[in-house]
Amino acid sequence: MIDSLVRGCIADLTPYSTARDEYGGELGVFLDANESPYDNGCNRYPDPHQRRLKERLSAVKGVPAENIFVGNGSDEAIDLLFRVFCEPREDNALAIAPSYGMYRVAAAINDIEMREVRLGEDFALPVDELLRRADARTKLLFLCSPNNPTGNSFPRADMLRLADGFGGIVVVDEAYIDFSEEEGLCREIFARPNLVVLQTLSKAWAMAGLRVGLALADRRVVELMSMVKYPYNIDVAAMRMAERLLDDPIDEKVAALREQRDAVAAVLSRFRFVERVYPSDANFLLVRVDDADAVYDRLIGEGIIVRNRSRIEGCEGCLRITIGLEEENMKLLKTLERYEKESIVR
């Protein structure tokens with residue numbers, strides 16, 4: 001099935017290879033790549049296959065290394081999926097809305113029509129409408145669960161129904177899965193070769209500055225993405241740091257952020273200017289207020305940066321607030337408490 005979806009030029013592609021692709025050893029006299037011979041820890045090109053990092057990720061995720069693609073953030077994986085499967089100006093893709101904006105941006109960059117389907121009431125997943133909007137040229141379907149910016153997870157059965165009923169590649173972005181009580185779908189890639197699960201080390205693993213994202217997928221999909229990526233897409237420093245930080249447990253920090261999320265949500269819901277705090281399975285809250293611009297400007301004036309999502313269809317009047325450390329969350333709430341008191345006086 002996978003090969004029938006691949007662009008012809010990609011199916012015929014001879015990928016770039018290095019002399020070290022043909023060399024299996026760790027040590028040697030490397031006179032092949034025109035590098036500097038002066039060892040400073042970064043003078044050699046990184047492993048283009050990220051073997052050690054993938055072995056470590058395999059142990060953490062419980063997925064074989066050959067089913068893991070490592071990208072420069074999840075954004076690289078998103079872009080590569082368009083480049084592998086979508087013929088510019090001919091094919092199209094589907095995505096839910098509101099959701100992560102990079103799906104639409106990557107589609108535009110690759111000259112692919114993006115068909116967005118609005119979420120239902122309380123941001124429910126419109127399974128039937130998504131299937132209805134697909135046609136013979138629809139190659140990709142993007143879901144984000146827990147969804148950004150709404151924070152909710154979609155029912156597992158609904159997402160699997162889409163994977164089974166859609167004729168292209170279903171991409172489930174699980175950037176926030178570590179904060180959710182719901183089980184992710186990475187185990188389902190073995191039964192469904194058209195399912196690609198995106199994850200990241202940027203959120204719960206606290207590695208946003210390293211730009212390390214993952215695609216967990218059928219071996220053929222990983223092979224195709226690896227053929228198209230730039231040879232050295234993850235640098236030496238990022239790989240070494242990621243390998244080290246993967247040894248640091250995240251359970252206590254994730255639990256603390258969940259606890260803070262619930263505490264912040266409870267306080268926010270008591271403010272008069274807050275119309276709704278949406279349930280969240282992520283490390284952020286979507287909050288509908290009576291005047292999003294005014295609240296946003298007040299927070300900015302106090303040096304507190306949140307995301308104003310009020311101009312996104314479906315998120316009118318909403319701010320997206322990331323959960324920080326307890327002292328950061330307290331500063332947010334105290335600022336909003338002063339804002340409310342001043343609003344009442346006016």
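The basis for the numbers below is simple: all heavy atoms, side chains too, and nothing from hydrogens, waters or symmetry mates. Being a predicted model, the structure only gives us computed values, none of them experimental.
The distance from atom CG of Leu333 to atom CD of Glu340, rounded to the nearest 0.5 Å, is 11.5 Å. With rounding to the nearest 0.5 angstrom, the CG atom of Leu143 is 6.5 Å from the CG atom of Leu130. The distance from atom OG of Ser226 to atom CG of Asn233, rounded to the nearest 0.5 Å, is 8.5 Å. In this structure, the separation between OG on Ser280 and CZ on Arg258 is 10.5 Å, given to the nearest 0.5 Å. In this structure, NZ on Lys54 lies 10.0 Å from CG on Leu214, to the nearest 0.5 angstrom. Atom CD of residue Glu188 and atom CZ of residue Phe190 lie 10.0 Å apart, to the nearest 0.5 angstrom.
Salt-bridge formation is detected for the pair Arg118/Glu313: a Lys NZ or Arg NE/NH1/NH2 atom is positioned less than 4.0 Å from an Asp or Glu carboxylate oxygen. Using a cutoff of 4.0 Å between basic side-chain nitrogens and carboxylate oxygens, Glu243 and Arg52 are scored as salt-bridged. With respect to Arg220 and Glu223, a salt bridge is recorded, a charged nitrogen being found less than 4.0 Å from a carboxylate O. Asp290 and Arg272 are not joined by a salt bridge, as no carboxylate oxygen comes within less than 4.0 angstrom of a charged side-chain nitrogen. With respect to the salt-bridge test (charged N to carboxylate O, under 4.0 angstrom), the residues Glu302 and Arg338 qualify. Under the 4.0 Å criterion applied to side-chain N and carboxylate O atoms, Asp164 and Arg192 are assigned as salt-bridge partners. The pair Asp235-Arg240 fails the salt-bridge criterion, with no side-chain N (NZ, NE, NH1 or NH2) lying under 4.0 Å from an Asp/Glu carboxylate O. The residues Arg51 and Glu55 are annotated as not salt-bridged, no charged nitrogen and carboxylate oxygen being separated by less than 4.0 angstrom. Salt-bridge formation is detected for the pair Arg161/Asp128: a Lys NZ or Arg NE/NH1/NH2 atom is positioned less than 4.0 Å from an Asp or Glu carboxylate oxygen.
By the neighbour-count criterion of 12 heavy atoms within 6.0 Å, atom CE of Met207 is densely surrounded, having more than that number from other residues, nucleotides or ligands. More than 12 heavy atoms of other residues, nucleotides or ligands lie within 6.0 Å of CD in Glu66, so this atom counts as buried by the packing criterion. For Arg115, the CZ atom counts as densely surrounded, since its 6.0 Å shell holds more than 12 non-hydrogen atoms of other residues, nucleotides or ligands. Annotation: Tyr232, atom OH; neighbour count of heavy atoms from other residues, nucleotides and ligands within 6.0 Å is above 12. More than 12 non-hydrogen atoms from other residues, nucleotides or ligands lie less than 6.0 angstrom from CD of Glu275.
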Next item on the list: Run the numbers on Ile300 and Ile305 for side-chain contact (heavy atoms from CB on, under 4.5 Å), then give the verdict.
Entry: CA-CA 6 Å; Ile300 287 291; Ile305 306 170; 4.2 Å; yes

Item checked: Verdict with reasoning, Asn329 to Val264, per side-chain contact (heavy atoms from CB on, under 4.5 Å) -> CA-CA 7 Å; Asn329 301 329; Val264 170; 3.8 Å; yes

Item checked: Derivation of the side chain to side chain donor-acceptor pair (under 3.5 Å) call for Ser202 and Arg211 -> CA-CA 7 Å; Ser202 294; Arg211 308 307 302 127; 3.2 Å; yes

Next item on the list: Show the numbers, then the answer: is there a side-chain contact (heavy atoms from CB on, under 4.5 Å) between Glu35 and Asn43?
Entry: CA-CA 7 Å; Glu35 305 152 316; Asn43 60 307; 5.8 Å; no

Next item on the list: I would like to know whether Asp75 and Tyr103 meet side chain to side chain donor-acceptor pair (under 3.5 Å); could you show each step before the answer?
Entry: CA-CA 9 Å; Asp75 295 340; Tyr103 311 140; over 6 Å; no

Item checked: side chain to side chain donor-acceptor pair (under 3.5 Å) between Asn283 and Asp178, intermediate numbers included -> CA-CA 9 Å; Asn283 66 333; Asp178 296 299; over 6 Å; no

Note to self: Walk me through whether Val170 and Val196 qualify under side-chain contact (heavy atoms from CB on, under 4.5 Å).
What the structure shows: CA-CA 6 Å; Val170 174; Val196 175; over 6 Å; no

Notebook entry, point to check: Stepwise, does the side chain to side chain donor-acceptor pair (under 3.5 Å) test hold for Ser99 with Asn147?
Noted result: CA-CA 6 Å; Ser99 194; Asn147 189 37; 2.7 Å; yes

Notebook entry, point to check: What's the verdict on salt bridge (Lys or Arg N to Asp or Glu O under 4.0 Å) for Lys334 and Glu337, showing C-alpha distance, side-chain angles and the deciding distance?
Noted result: CA-CA 5 Å; Lys334 288 179 179 178; Glu337 182 179 7; over 6 Å; no

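Note on Val127 and Leu185: same hydrophobic cluster, where clusters join Ile, Leu, Val, Met, Phe, Trp and Tyr whose side-chain heavy atoms are under 4.5 Å apart, directly or indirectly. Both Ile304 and Leu257 are members of a single hydrophobic cluster when ILVMFWY side chains are connected at heavy-atom separations under 4.5 Å. Using a 4.5 Å cut-off between side-chain heavy atoms of Ile, Leu, Val, Met, Phe, Trp and Tyr, with links allowed through other members, Ile177 and Leu160 fall into different hydrophobic clusters. Residues Ile250 and Ile323 fall within the same hydrophobic cluster, defined by Ile, Leu, Val, Met, Phe, Trp and Tyr side chains chained together at heavy-atom separations under 4.5 Å. Note: the hydrophobic cluster containing Val60 does not contain Phe69 (ILVMFWY, side chain heavy atoms under 4.5 Å, direct or indirect links).
Contact check for Leu319 versus Val295: side-chain heavy atoms found under the 4.5 Å cut-off. Annotation: side chain of Trp205 is not in contact with side chain of Val212 (no heavy-atom distance under 4.5 Å). Side chains of Val287 and Phe271 form no contact here, defined as non-hydrogen atoms less than 4.5 Å apart. Side-chain atoms of Arg7 and Val84, non-hydrogen and from C-beta on, never get closer than 4.5 Å to each other. Cys315 has its side chain within reach of Pro149: a pair of non-hydrogen atoms, C-beta onward, lies under 4.5 Å apart. A 4.5 Å side-chain heavy-atom check between Leu216 and Val222 finds every atom pair outside the cut-off. At least one side-chain heavy atom of Leu336 sits under 4.5 Å from a side-chain heavy atom of Leu268. Residues Leu201 and Leu57 form a side-chain contact, since some pair of their non-hydrogen atoms from C-beta on lies under 4.5 Å apart.
Of all heavy-atom pairs spanning Met1 and Gly167, the tightest one is CE-O, 3.6 Å. Here the closest non-hydrogen pair linking Pro64 and Ser58 is CA-OG, 3.7 Å. The two residues Leu286 and Thr150 make their nearest non-hydrogen contact at CD2-CA, 4.0 Å. Taking every heavy atom of both residues into account, Asp281 and Ser153 meet most closely at OD2-OG, 2.7 Å.
Using modelled atom types and a 3.5 Å distance limit, the side chains of Asn308 and Asp293 yield a donor-acceptor pair. Arg320 and Asn148 form a side-chain donor-acceptor contact under 3.5 Å, judged by distance and modelled atom types alone.
Proximity of the aromatic rings of Phe284 and Tyr176 is defined here by a centroid distance below 6.0 angstrom, and this criterion is met. Residues Phe142 and Phe82 place their aromatic rings such that the two centres sit under 6.0 Å apart.
A distance-only check finds a donor-acceptor pair linking the side chain of Gln50 to the backbone of Pro48 [under 3.5 Å]. In this structure a side-chain-to-backbone donor-acceptor pair under 3.5 Å is missing from Asn110 to Ile112. When atom types are taken as modelled, the side chain of Glu174 and the backbone of Cys144 share no donor-acceptor pair closer than 3.5 angstrom. Without hydrogens or angle criteria, Asp79 side chain to Ala106 main chain gives no donor-acceptor distance under 3.5 Å.
Figure legend: cation-pi geometry between Arg298 and Tyr339 absent, as NZ or CZ is not positioned both under 6.0 Å from the six-membered ring centre and within 45° of its axis.
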